[in-house]
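Heads up, the thing below is written out as structure tokens.
Below, chain A is the first sequence line, B the second, and so on; all start at residue 1. Predicted, not measured: the structure shown is a model, and the values here were computed from it.
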There are 2 protein chains.
Amino acid sequence: MVQVTLQTQSKLSAAGVRPTRQRLLIAALLWKGNECRHVTPEDMRREIQQEGEDVALATIYNTLHQFTKAGLLREIVLAGGRTYFDTNLSPHFHYYYEENGHLEDVAISPKQWHSLPSAPPGTEVKGVDVVIRVGERK
Amino acid sequence: MVQVTLQTQSKLSAAGVRPTRQRLLIAALLWKGNECRHVTPEDMRREIQQEGEDVALATIYNTLHQFTKAGLLREIVLAGGRTYFDTNLSPHFHYYYEENGHLEDVAISPKQWHSLPSAPPGTEVKGVDVVIRVGERK
DNA sequence: CTGTGTGCAAACTCTTTGCATAAGT
DNA sequence: ACTTATGCAAAGAGTTTGCACACAG
């Protein structure tokens, strides 16, 4: 059973998200350890069920999107339309293992970050998504 | 009315794709000009209908994926699950204009290309997708 | 108390498969 | 000829919306 800590509650409040039962549960699962996580809505549902709870899949989508809008998560969309939510908010890239659908963070240096193209005039960068698709060497 | 040229036919044959009516039509539309194009399956269907022809949407998906497997196109998946097919096969990045869903190539230098992380041991890079999401400056 | 915000059922969209059929060799 | 490969209808997955209800203020 995950603990819904006070930290979890204040995390949501601070982000301007009402702490409801479902949200607290999802938040507690997302940030229960100290490592960064990459979860799909389906993953999340499975974890919830392992806790003996249940939340409608649509609610999980809504909640994860709300967390994203509130700046608590980052959304990553991959080929195949798979959507992952990433608890790592710092600038980084991703390795995507095509064999098993696993996603892994790639830490990058500020230098690498700044060597990316800047925004065209009159626009600003809203986000940068870098996915390096890797597979077994043949 | 697009011309199905001999060039189009040999392009498909060379790639090991049988030149059927539908494929020739789609190929002719994709490579009719000299610029690179970014099309969604829906875009393609609209163009086909403007030619007074019709091809089932599923066939368009199949065909675009076959062209991709044959190395004639590149597939790009964006947030929201939108799929684009790109006729530009050389290494490059993309600007994605969130306002209107428009996609634009960003030419990059070999230096920029090589400053990207390499594959983890035992794996090889299958592809690199870099999308810079941009929007109006506020 | 009351109005905003929430959670979920149902609907929708985009995409893929299975099979009759047509096309290429 | 004839067998593989194709094209499309129908099914499937993943995601979003609309509305009754609950909760925070």
Side-chain angles (χ1 to χ4, degrees), chain A residues 4 9-10 12-29 38-49 51 53-70 72-85 98 101 103, chain B residues 4 6 8-29 38-46 48-49 51 53-70 72-85 98 101 103:
Chain A
V4 174
Q9 298 221 29
S10 40
L12 296 192
S13 308
V17 177
R18 271 203 214 165
T20 64
R21 184 181 78 74
Q22 287 85 339
R23 289 173 178 189
L24 285 169
L25 176 57
I26 290 171
L29 287 167
H38 300 106
V39 292
T40 63
E42 292 288 355
D43 290 339
M44 183 46 69
R45 168 166 241 205
R46 218 168 300 122
E47 284 189 40
I48 290 168
Q49 285 171 349
E51 294 292 323
E53 306 273 335
D54 196 29
V55 177
L57 197 51
T59 301
I60 296 172
Y61 274 96
N62 288 339
T63 303
L64 293 174
H65 279 136
Q66 272 152 0
F67 285 6
T68 302
K69 258 186 279 174
L72 299 171
L73 291 177
R74 227 183 116 186
E75 186 177 357
I76 301 150
V77 179
L78 300 170
R82 269 208 243 292
T83 306
Y84 280 83
F85 291 87
E98 299 198 325
L103 199 65
Chain B
V4 174
L6 249 143
T8 312
Q9 298 221 27
S10 40
K11 185 162 208 157
L12 295 192
S13 308
V17 177
R18 273 203 213 166
T20 64
R21 184 180 79 74
Q22 287 86 339
R23 289 175 178 189
L24 284 168
L25 176 59
I26 291 172
L29 288 166
H38 301 106
V39 293
T40 63
E42 293 287 356
D43 291 338
M44 183 46 69
R45 167 165 242 205
R46 219 170 297 122
I48 289 168
Q49 284 170 350
E51 294 291 323
E53 306 271 337
D54 196 29
V55 177
L57 197 52
T59 301
I60 297 172
Y61 274 96
N62 287 341
T63 303
L64 292 174
H65 279 135
Q66 272 153 358
F67 286 4
T68 303
K69 258 186 277 173
L72 299 170
L73 293 176
R74 229 183 112 183
E75 187 176 356
I76 302 149
V77 179
L78 300 169
R82 267 209 247 293
T83 306
Y84 281 83
F85 291 88
E98 298 196 326
L103 199 66

Quickly work out the B/Gln66 CD to C/dT17 C1' distance and round it to whole Å. 14 Å
Between C1' on C/dG5 and CZ on A/Phe67, what's the gap in Å once rounded to a whole number? 15 Å
If we ignore angles and hydrogens, is there a donor and acceptor under 3.5 Å between the side chains of B/Thr59 and B/Asn62? no
Here the pair of heavy atoms bringing B/Ala70 nearest to B/Ala15 is CB-O, 3.9 Å
Base, sugar-phosphate, or nothing: which does A/Thr63 touch, judged by heavy atoms less than 4.0 Å apart? nothing
Side chains of B/Arg46 and B/Ile48 in contact at under 4.5 Å (non-hydrogen atoms): no
5' precedence on DNA chain C between B/Glu75 and A/Asp54 (nearest-nucleotide basis): A/Asp54
Calculate the interatomic distance between B/Gln22 atom CD and C/dT21 atom C1'; express it in whole Å. 12 Å
Taking side chain to side chain donor-acceptor pair (under 3.5 Å) as the test, write out the residues that go with B/Gln66, two or more places apart. B/Arg23
Min side-chain heavy-atom separation B/Tyr84-B/Val39 under 4.5 Å: no
Here the residues of residues 12-21 of chain B within 4.0 Å heavy-atom distance, strictly under, of DNA chain D are B/Arg18, B/Thr20
CD/A/Glu53 to CZ/A/Arg21 distance, rounded to the nearest 0.5 angstrom? 5.5 Å
CZ of B/Arg45 versus C1' of C/dC14: gap in Å, rounded? 13 Å
Decide yes or no for B/Ile60 and B/Ile26: does some side-chain heavy atom of the first lie under 4.5 Å from some side-chain heavy atom of the second? yes
From CG of B/Asn62 across to P of C/dC14 the rounded distance in Å is 17 Å
Remember a base hit wins even if backbone is also touched, and classify B/Arg82 as base, sugar-phosphate or nothing at under 4.0 Å, heavy atoms. nothing
Starting at atom CD1 of B/Ile60, determine the distance to atom C1' of C/dC14, rounded to an integer number of angstrom. 13 Å
Measure the shortest side-chain to side-chain distance between B/Thr40 and B/Arg45 over non-hydrogen atoms and say whether it is less than 4.5 angstrom. no
Between which nucleotides of DNA chain D, 5' to 3', does chain B make heavy-atom contacts below 4.0 Å? D/dT4 to D/dA9
I'd like to know whether A/Leu78 forms a side-chain contact (heavy atoms from CB on, under 4.5 Å) with A/Leu103, so could you lay out the CA-CA distance, the side-chain angles of the two residues, the decisive distance to 0.1 Å, and finally the verdict. CA-CA 10 Å; A/Leu78 300 170; A/Leu103 199 65; 3.9 Å; yes
How close or far is atom C1' of C/dT13 from atom CD of B/Glu42, stated in whole angstroms? 9 Å
